[in-house]
Undergrad: 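There's a structure below that I have some questions on.
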Amino acid sequence: LYTPSEILQLTKDGSWGGSLELIAQQSADNSAQTLDFTDCFTDRFDVYKIQFKNYAPTNDENTLRLRLKNASGEISGASAYQFAIQYGNAAGSFGENKDTTSDYMQIMGGIGTSTGENASGYIYIYNPTNSSKYTFASNQSTFLDQNGNYTMFFGGSVYTTAESVTGCIFRNISSGGTLGNINTCDISIYGVKHIWVT
């Protein structure tokens, strides 16, 4: 058994279950269309937390989308992913987005570009390097949409192939489905520590 003071010290040292270890981070400006993380997932952790903040696209109704990477590179294709998302905004509009044959993981909706409008959120990735399991994700984000309404997004996604996933890539996508520029965005990836009891 651990005493409260021992737990406090282990947490402070980053050794207690649930502590985060920074793996990688990147920032983008208006010259970037993607933020690409290679080999950020390893066997050392089975859960990762990805935090994104200050995301603002150059054009209205753009959105940040996530794809995973394996040893061959970026994982795409019309049936690579499935997702289910619920959303609501301050204007009273609520609904859901869902897809069983998607080529990306949806983590937020279209955002506006007026002064002060940006998006922040987090994504948990589960079992990415376990070649016998699917890679799952849960996410939550908050932003102002293209109409200036505060909006919340939450839900999850799955990559429906059991293989080792080693990285991820974020793409700025326009409402028409083409790449657009990121004005600002900061992304950090953390490994989530566990205490194993034997």
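The model shown is predicted, which means the values in this text are computed figures rather than measured ones. Count residues from 1 along the sequence.
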Undergrad: Check whether Leu66 and Val165 end up in the same hydrophobic cluster, where Ile, Leu, Val, Met, Phe, Trp and Tyr are linked by side-chain heavy atoms less than 4.5 Å apart.
TA: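 As far as the 4.5 Å side-chain criterion goes, Val165 and Leu66 are connected within one cluster.
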Undergrad: Go through it in stages, so that I can follow the logic: the residues are Cys40 and Cys168, the test is side chain to side chain contact (heavy atoms under 4.5 Å, CB included), and I'd like the CA-CA distance, side-chain angles, deciding distance and then a yes or no.
TA: CA-CA 8 Å; Cys40 60; Cys168 60; 4.2 Å; yes
Undergrad: Measure the spacing between CG of Asn139 and CD1 of Ile123 and express it to the nearest 0.5 Å.
TA: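 The CG atom of Asn139 sits 6.0 Å away from the CD1 atom of Ile123.
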Undergrad: With hydrophobic residues grouped by side-chain heavy-atom distances under 4.5 Å, do Tyr122 and Ile23 end up in a single group?
TA: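 Per the 4.5 Å side-chain linkage, Tyr122 and Ile23 are not co-clustered.
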Undergrad: Working to the nearest 0.5 Å, report the span between CG of Leu64 and OG1 of Thr34.
TA: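 That separation rounds to 10.5 Å.
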Undergrad: Search all heavy atoms of Asn149 against all heavy atoms of Thr151 and return the closest pair with its distance.
TA: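 In this case the closest contact between Asn149 and Thr151 is O-OG1, 3.1 Å.
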Undergrad: Find out whether Met152 and Phe94 are in side-chain contact, i.e. whether some heavy atom of one side chain is under 4.5 Å from a heavy atom of the other.
TA: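 Yes - at least one pair of side-chain heavy atoms lies under 4.5 Å apart.
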Undergrad: For Phe83 versus Ser102, what's the shortest heavy-atom pair and its separation?
TA: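 Heavy atoms of Phe83 and Ser102 come nearest at CE2-OG, 3.4 Å.
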Undergrad: Could you see if Ile50 belongs to whatever hydrophobic cluster contains Leu20? Use Ile, Leu, Val, Met, Phe, Trp, Tyr and a side-chain cutoff under 4.5 Å.
TA: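 Shared cluster, no.
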Undergrad: Any side-chain heavy-atom pair from Ser141 and Phe52 closer than 4.5 angstrom?
TA: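 A side-chain contact under 4.5 Å exists here.
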Undergrad: Would you indicate whether the side-chain heavy atoms of Ile182 and Asp29 approach each other to under 4.5 Å?
TA: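 Contact flag for Asp29/Ile182 side chains = no.
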Undergrad: With sequence neighbours left out, which residue pairs that include part of residues 116-138 fulfil the salt bridge (charged side-chain N to carboxylate O under 4.0 Å, His left out) condition?
TA: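 Qualifying pairs: none.
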Undergrad: Could you tell me which residues satisfy side chain to side chain contact (heavy atoms under 4.5 Å, CB included) with Thr42, sequence neighbours excluded, listed by chain and number?
TA: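 With sequence neighbours excluded, Thr42 shows a side chain to side chain contact (heavy atoms under 4.5 Å, CB included) to Arg44, Tyr48, given in chain and number order.
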Undergrad: Is Ile189 close to Phe37 at the side-chain level, that is, under 4.5 Å between some pair of heavy atoms?
TA: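 The answer is yes; the side chains approach within 4.5 Å.
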Undergrad: Indicate the atoms forming the closest heavy-atom contact of Ala28 with Ala32, along with that distance.
TA: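 Nearest pair, atom of Ala28 first, then Ala32: CB-CB, 3.9 Å.
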Undergrad: For side chain to side chain contact (heavy atoms under 4.5 Å, CB included), just list the numbers for Tyr124 and Val192, CA-CA rounded to whole Å, side-chain angles, deciding distance to a tenth of an Å, and then say yes or no.
TA: CA-CA 9 Å; Tyr124 280 96; Val192 180; 4.2 Å; yes
Undergrad: For the pair Glu21 and Lys49, find out whether any cationic side-chain nitrogen is under 4.0 Å from an anionic carboxylate oxygen.
TA: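 Looking at Glu21 and Lys49, the cut-off is not met.
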Undergrad: Heavy atoms only: give me the nearest Gly112-Pro57 pair and the separation to one decimal.
TA: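 Minimum heavy-atom contact is O-CD, 4.2 Å.
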Undergrad: Applying side-chain hydrogen bond (donor to acceptor under 3.5 Å, both in side chains), can you list everything that pairs with Asn70, at least two apart in sequence or on another chain?
TA: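 Expected list: Glu163.
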Undergrad: Gln25 and Leu22: which non-hydrogen atoms are nearest, and at how many Å?
TA: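 That would be OE1-CD2, 3.7 Å.
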Undergrad: Provide the full list of ring pair (Phe, Tyr, Trp, His ring centres under 6.0 Å) pairs with a residue in residues 159-185, sequence neighbours left out, each pair given once.
TA: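 Of all non-adjacent pairs touching residues 159-185, those that pass ring pair (Phe, Tyr, Trp, His ring centres under 6.0 Å) are Tyr81-Tyr159.
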Undergrad: Using the rule that Ile, Leu, Val, Met, Phe, Trp and Tyr join whenever any side-chain heavy atoms are under 4.5 Å apart, tell me whether Val158 and Met108 fall into a single cluster.
TA: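 No, it is not one cluster - the side chains of Val158 and Met108 are not joined through contacts under 4.5 Å.
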Undergrad: From Ser131 OG over to Asp43 CG, what is the distance, rounded to the nearest 0.5 angstrom?
TA: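 Nearest 0.5 Å value for the OG-CG distance: 9.0 Å.
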Undergrad: Who passes ring pair (Phe, Tyr, Trp, His ring centres under 6.0 Å) against Phe143, sequence neighbours left out?
TA: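 Counting only residues at least two positions away or on another chain, Phe143 forms a ring pair (Phe, Tyr, Trp, His ring centres under 6.0 Å) with Phe153.
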Undergrad: Please say yes or no: joined through hydrophobic side-chain contacts below 4.5 Å, possibly via intermediate residues, are Ile85 and Tyr126 part of one cluster?
TA: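 Looking at the clustering, Tyr126 is in a separate group from Ile85.
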Undergrad: Say you draw a straight line from CZ of Arg65 to OH of Tyr104; how long is it, rounded to the nearest 0.5 Å?
TA: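 Here the rounded value is 3.5 Å.
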Undergrad: Sort and list the pairs that fulfil salt bridge (charged side-chain N to carboxylate O under 4.0 Å, His left out) and have at least one residue in residues 91-114, not counting sequence neighbours.
TA: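 Listed once each, the pairs are Arg67-Asp103, Glu96-Lys98.
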Undergrad: For Tyr134, enumerate each residue passing the ring pair (Phe, Tyr, Trp, His ring centres under 6.0 Å) test, keeping only those at least two apart in sequence or located in another chain.
TA: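 Counting only residues at least two positions away or on another chain, Tyr134 forms no ring pair (Phe, Tyr, Trp, His ring centres under 6.0 Å).
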Undergrad: At their closest point, which heavy atom of Ser79 faces which heavy atom of Thr160, and how far apart are they?
TA: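 It is O-OG1, 3.9 Å.
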Undergrad: Enter the distance from Tyr55:OH to Ser120:OG here, rounded to the nearest 0.5 Å.
TA: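 Between Tyr55 OH and Ser120 OG, I get 12.0 Å after rounding to 0.5 Å.
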Undergrad: Would you call Val47 and Phe45 a side-chain contact if the rule is heavy atoms closer than 4.5 Å?
TA: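 No, side chains not in contact.
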Undergrad: I need the Ile111 CD1 to Thr63 OG1 distance, nearest 0.5 Å.
TA: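 Nearest 0.5 Å value for the CD1-OG1 distance: 8.5 Å.
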Undergrad: Side-chain contact test, heavy atoms from C-beta onward, threshold under 4.5 Å: evaluate it for Asn127 versus Thr135 and give yes or no.
TA: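 Not in contact.
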Undergrad: Could you pull out all residues at least two apart from Asn54 that satisfy side-chain hydrogen bond (donor to acceptor under 3.5 Å, both in side chains)?
TA: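 Partners of Asn54 under the side-chain hydrogen bond (donor to acceptor under 3.5 Å, both in side chains) test: Asp186.
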Undergrad: What residues, two or more places apart in sequence or in another chain, satisfy side-chain hydrogen bond (donor to acceptor under 3.5 Å, both in side chains) together with Asn62?
TA: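 Asn62 satisfies side-chain hydrogen bond (donor to acceptor under 3.5 Å, both in side chains) with Asn172 once adjacent residues are dropped.
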Undergrad: So, using side-chain hydrogen bond (donor to acceptor under 3.5 Å, both in side chains) as the criterion, who are the partners of Thr166 when residues are at least two apart?
TA: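 Thr166 satisfies side-chain hydrogen bond (donor to acceptor under 3.5 Å, both in side chains) with no residue once adjacent residues are dropped.
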Undergrad: Please, which pairs that meet salt bridge (charged side-chain N to carboxylate O under 4.0 Å, His left out) have at least one residue in residues 33-42, sequence neighbours excluded?
TA: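 Listed by first then second residue: Asp36-Lys69.
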Undergrad: Other hydrophobic cluster members with Leu179, side-chain heavy atoms of Ile/Leu/Val/Met/Phe/Trp/Tyr under 4.5 Å, chained?
TA: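 Besides Leu179, the cluster holds Ile173.
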Undergrad: With no hydrogens and no angle check, just 3.5 Å: does a side-chain donor-acceptor pair link Thr113 and Asp60?
TA: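 Indeed, the side chains of Thr113 and Asp60 share at least one donor-acceptor pair under 3.5 Å.
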